[in-house]
Amino acid sequence: ARCDELRKLSGTDGEFVSLLKEQLATLKPLNLSPEHLQKLDLQQRQLANAELLLRGLASVTERIDGEQGVLAILNQCRTELGKLSVFDPKLVEALTLIDSAAIEIGETSSVLQSALDSLDMDPNSQAKVEAELSQAHELARKFRVPMSGLAEKREELMRRLDNLAGSQHELSEQLKALEAAQGKWRAHAEKLSSARRAGAPKLARRVGELLQSLGMQGSTLDITFEPRSVETNMSGLDAVEFMLAANVGVGARALRKIASGGELSRIALALKLAAIERKKAPTNAEIESNPVDIPSAQLPCMAFDEVDAGI
């Protein structure tokens, strides 16, 4: 069953495998992590609105750092309050708050200036980012997944190809083991077939002799062999057929087709008796010491229910 499963996997259409490889080739060289794609999307929006950002940041920075900006006004306020605080100590707290506000607004100005300095106004950068995003959008449409799922799709394709390659290797190993097992089976089957063909004439002759004393005078038994069409099976290479000629002058026919119930019982008895004659019967001591290990075919006595009627 496992070999059949592996054959099915390994026998996957070559065009399908090529398609998987082609699909993987379109995804493998790209950075498709969700974090990178989010960064690209942000860059694209920044580059597309670079002029707006430049004007807006410059305007706000001027309002903070200009001659009439917030910092200049705060400095003027601090100077005036410094003079007035001589007359009213409570104004010292207001001076402290103005100093804190100036520090925070100064830090804000530094952040805005850093944003201005980092603005990318290069048209080539915008074209590059938009091309990469466009490629990602196209791949997402092609594979019918969101852009954030492209990396997972790539992993899925890699797993499928790895599974196909692994199944081919495993199938090769399984087939080697199967070939070795079939070789052993054939060696044993050929040995069994030779033993059957060598012993069949003697068995048939002895069963025929026993049938004469079992109420089937004139009956003869023959054993024929035909090669089996199935290679491996529990019965070996031969399809064995017992042929019975119930009376003198009557052609032999397949026992399974013509024998009555009584005839089958008597033939079975004859076969058992013939088989026992070829075995060495165990001694009473052997039977008593270990009865479980004594094969039934070696027992010197057999009991049949009504099979001996008329014998």
Side-chain angles (χ1 to χ4, degrees), residues 20-159:
L20 289 180
K21 290 181 178 179
E22 180 182 341
Q23 290 176 338
L24 184 58
T26 62
L27 295 173
K28 201 167 184 178
L30 305 178
N31 185 348
L32 298 173
S33 67
E35 296 78 13
H36 179 69
L37 293 175
Q38 288 174 1
K39 183 179 178 181
L40 280 179
D41 186 61
L42 177 60
Q43 286 180 323
Q44 190 273 334
R45 285 187 281 117
Q46 289 175 344
L47 288 165
N49 296 280
E51 291 288 343
L52 180 63
L53 283 168
L54 180 63
R55 289 195 301 270
L57 289 172
S59 174
V60 173
T61 301
E62 177 63 24
R63 291 174 191 174
I64 292 175
D65 291 332
E67 293 182 0
Q68 300 298 320
V70 174
L71 287 176
I73 293 172
L74 283 174
N75 284 331
Q76 293 172 7
C77 292
R78 187 182 187 287
T79 300
E80 292 181 17
L81 283 174
K83 295 175 182 178
L84 296 174
S85 64
V86 176
F87 308 107
D88 188 350
K90 293 192 295 296
L91 297 178
V92 173
E93 182 180 358
L95 279 172
T96 302
L97 292 173
I98 286 177
D99 287 341
S100 297
I103 291 172
E104 291 188 3
I105 291 176
E107 291 176 352
T108 301
S109 176
S110 297
V111 172
L112 294 175
Q113 189 60 51
S114 176
L116 268 171
D117 293 341
S118 64
L119 275 178
D120 188 351
M121 306 295 293
D122 186 357
N124 292 330
S125 297
Q126 182 176 354
K128 181 180 178 182
V129 169
E130 288 182 347
E132 191 172 350
L133 269 178
S134 177
Q135 186 179 21
H137 279 294
E138 178 61 24
L139 289 172
R141 184 194 64 78
K142 176 180 178 180
F143 291 105
R144 299 181 181 180
V145 295
M147 278 205 308
S148 59
L150 285 171
E152 183 179 348
K153 183 65 178 180
R154 178 171 57 193
E155 294 300 318
E156 176 194 337
L157 291 173
M158 292 174 66
R159 285 195 301 271

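All of these numbers come straight from a predicted model, not from anything done at the bench.
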Can you tell me how far the [atom1] atom of [X] sits from the [atom2] atom of [Y], to the nearest 0.5 Å?
X: L53; Y: R45; atom1: CG; atom2: CZ; result: 10.5 Å
X: S134; Y: Q44; atom1: OG; atom2: CD; result: 10.5 Å
X: S100; Y: L74; atom1: OG; atom2: CG; result: 11.0 Å
X: Q76; Y: Q68; atom1: CD; atom2: CD; result: 7.0 Å
X: L54; Y: S59; atom1: CG; atom2: OG; result: 11.0 Å
X: K83; Y: L81; atom1: NZ; atom2: CG; result: 11.0 Å

Other residues, nucleotides, ligands: >12 heavy atoms within 6.0 Å of K39 NZ: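 Not buried by this count: 12 neighbours or fewer within 6.0 Å.
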Work out which heavy atom in [X] is nearest to a heavy atom in [Y]; give both atom names and the distance.
X: A140; Y: P146; answer: CB-C, 4.1 Å
X: S148; Y: P34; answer: O-CG, 3.8 Å
X: L150; Y: A136; answer: CD1-O, 3.5 Å

Side chains of [X] and [Y]: does their closest heavy-atom pair fall under 4.5 Å?
X: I73; Y: C77; result: yes
X: L112; Y: L116; result: no
X: R55; Y: L52; result: yes
X: R154; Y: M158; result: yes
X: D117; Y: Q113; result: yes
X: H36; Y: E132; result: yes

If only atom types and distance count, is the side chain of [X] paired as donor or acceptor with the main-chain N or O of [Y] below 3.5 Å?
X: N75; Y: L71; result: yes
X: S85; Y: G82; result: yes
X: T108; Y: E104; result: yes

Under-4.0 Å salt bridge between R141 and E138: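 Judged by the 4.0 Å cut-off on N to carboxylate O distance, R141 and E138 do form a salt bridge.
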Among L40, L37, D41, side-chain contact (heavy atoms from CB on, under 4.5 Å) partner for M147: L37
Salt bridge (charged side-chain N to carboxylate O under 4.0 Å, His left out) partners of R78, counting only residues at least two apart: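 Only D99 meet the salt bridge (charged side-chain N to carboxylate O under 4.0 Å, His left out) criterion with R78.
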Pair K153-E156, salt bridge (Lys or Arg N to Asp or Glu O under 4.0 Å): steps then yes or no: CA-CA 5 Å; K153 183 65 178 180; E156 176 194 337; 3.7 Å; yes
